[in-house]
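In what follows, every heavy atom counts, from backbone to side chain, and hydrogens, waters and symmetry copies are set aside. In this chain, residues are counted from 1 in sequence order.
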Amino acid sequence: MSTFHTADTNELLVSSSDASRADSVWFAVQTWPRYEKRVASELKSKRVEVFLPLLRDKHKWSDRERTVELPLFPSYLFVRTRETLDARIPVLRTNGVMNFLGVRGTGSPVPESEIESVRLLLSRHISFHAHPFLNVGQRVRIRSGSLQGVEGILVEKNDDLSLVVSVQIIQRSLAIRLAGYQIEAA
């Protein structure tokens, strides 16, 4: 069953100084299940830049209904830090952090374009649904409209074109319908 997400989105983002951003890159970090917000908060107190994409969703129980914020990618968040081991040690020593994703747990950088594509989709309140991770297919870019510049993989299902935006390192993807958008090869 696929769930379509729309409506309210939020993200937990902790900024750092521009000087430290110049020599830093994004990494994906795996957390214990349901520890994403706690890890993000603790990393914030350590002055680490964190990107935790959140979705607002209404949950209904027998006695009440409540809006909750859930991680877009359960058990994962992103940190911007330098590529040195010394810079990553404070992240690894954070309660709830399992490891950096990549080669032998040391981490592989996440391209800035992937982080920005996820941010743009969330900020525009575009309908999307979780999509199985794809490693094949043509890479395309939206040429115009509110999603101009978003890149992903073009897929077709029952004559319906979709763009799959992937975050390679955590092997998670989002799919949006391309009806009305002009695309080009990336």
Side-chain angles (χ1 to χ4, degrees), residues 1-16 21 24-59 66-81 88 91 94-102 107-135 139 141-142 145-153 155 162-178 181:
M1 176 192 296
S2 55
T3 304
F4 283 87
H5 298 281
T6 57
D8 298 328
T9 59
N10 196 6
E11 65 182 59
L12 180 58
L13 178 62
V14 180
S15 297
S16 63
R21 292 186 90 190
S24 61
V25 295
W26 287 104
F27 290 95
V29 174
Q30 186 175 17
T31 68
W32 295 342
R34 300 181 185 194
Y35 265 69
E36 304 89 354
K37 290 180 190 176
R38 287 180 232 176
V39 169
S41 178
E42 192 169 332
L43 288 171
K44 175 184 176 182
S45 70
K46 293 181 179 184
R47 303 177 98 19
V48 175
E49 186 175 1
V50 176
F51 173 54
L52 175 59
L54 300 171
L55 290 175
R56 288 192 183 124
D57 198 14
K58 288 187 180 182
H59 280 225
R66 190 174 195 184
T67 301
V68 295
E69 288 185 330
L70 302 171
L72 178 59
F73 305 117
S75 296
Y76 298 100
L77 56 80
F78 304 94
V79 297
R80 183 192 289 272
T81 188
R88 288 185 251 171
V91 175
T94 302
N95 188 36
V97 169
M98 293 175 65
N99 59 357
F100 279 85
L101 272 67
S108 297
V110 176
E112 182 85 26
S113 63
E114 292 180 359
I115 298 293
E116 289 307 314
S117 290
V118 171
R119 277 191 177 143
L120 186 59
L121 287 174
L122 291 174
S123 70
R124 301 281 194 222
H125 304 286
I126 303 297
S127 295
F128 63 87
H129 63 277
H131 192 279
F133 178 75
L134 298 174
N135 206 15
R139 189 150 188 82
R141 176 182 318 110
I142 297 178
S146 64
L147 297 179
Q148 181 176 352
V150 172
E151 292 185 13
I153 299 168
V155 295
S162 294
L163 179 73
V164 178
V165 175
S166 299
V167 179
Q168 295 276 341
I169 197 75
I170 64 172
Q171 295 188 352
R172 295 292 190 273
S173 300
L174 308 172
I176 61 168
R177 294 186 61 216
L178 286 175
Y181 290 102

Euclidean distance, Leu163 CG relative to Arg139 CZ, rounded to 0.5 Å:
8.5 Å

Looking at Thr94 and Lys46, what are the two nearest heavy atoms and their distance?
OG1-NZ, 2.9 Å

Kindly determine whether Leu147 and Arg124 satisfy side-chain contact (heavy atoms from CB on, under 4.5 Å), including the steps that lead there.
CA-CA 8 Å; Leu147 297 179; Arg124 301 281 194 222; 4.0 Å; yes

Looking only at heavy atoms, the pair that brings Ser108 and Gly102 closest together is OG-CA, 3.4 Å

Please find the pair of heavy atoms, one from Val39 and one from Val97, that lie closest to each other, and give the distance.
CG1-CG2, 3.6 Å

Go through it in stages, so that I can follow the logic: the residues are Tyr76 and Glu36, the test is side-chain contact (heavy atoms from CB on, under 4.5 Å), and I'd like the CA-CA distance, side-chain angles, deciding distance and then a yes or no.
CA-CA 7 Å; Tyr76 298 100; Glu36 304 89 354; over 6 Å; no

The side-chain hydrogen bond (donor to acceptor under 3.5 Å, both in side chains) partners of Ser75 (sequence neighbours excluded) come to none

Would you kindly check if the NZ (Lys) or CZ (Arg) of Arg119 is within the cone defined by 45 degrees around the ring axis of Phe51 and under 6.0 Å from the six-membered ring centre?
yes

What residues, two or more places apart in sequence or in another chain, satisfy ring-ring contact (aromatic ring centres under 6.0 Å, His included) together with Phe100?
Phe27

Do Arg141 and Glu151 come close enough that some side-chain heavy atom pair is under 4.5 Å?
yes

How far apart are the C-alpha atoms of Leu122 and Leu55, what are their side-chain angles, what is the distance that settles it, and do they pass the side-chain contact (heavy atoms from CB on, under 4.5 Å) test?
CA-CA 8 Å; Leu122 291 174; Leu55 290 175; 3.9 Å; yes

Any non-hydrogen side-chain atom of Val110 less than 4.5 Å from a side-chain atom of Ile115?
yes

Rounded to the nearest 0.5 Å, how far apart are CD1 of Ile153 and OG of Ser162?
12.5 Å

Quick one, Ile142 with Ile176, criterion side-chain contact (heavy atoms from CB on, under 4.5 Å). Give me CA distance, side-chain angles, the key distance, then yes/no.
CA-CA 11 Å; Ile142 297 178; Ile176 61 168; 4.2 Å; yes

Hey, are the side chains of Val167 and Leu72 touching, using non-hydrogen atoms and a 4.5 Å cut-off?
no

Measuring only between side-chain heavy atoms, which start at C-beta, is Ile169 closer than 4.5 Å to Glu114?
no

Taking all non-hydrogen atoms of both residues, which atom of Leu77 and which atom of Ala40 are closest, and how far apart?
CD2-N, 4.0 Å

Salt-bridged, Glu112 to Arg80, with N to O below 4.0 Å?
yes

Ser41 side chain vs Lys37 backbone, donor-acceptor pair below 3.5 Å
no

Flag the pair Tyr181 / Ser146 as yes when at least one side-chain heavy-atom distance between them is below 4.5 Å, and no otherwise.
yes

When you compare the side chain of Ile126 with that of Leu120, does any pair of heavy atoms fall below 4.5 Å?
no

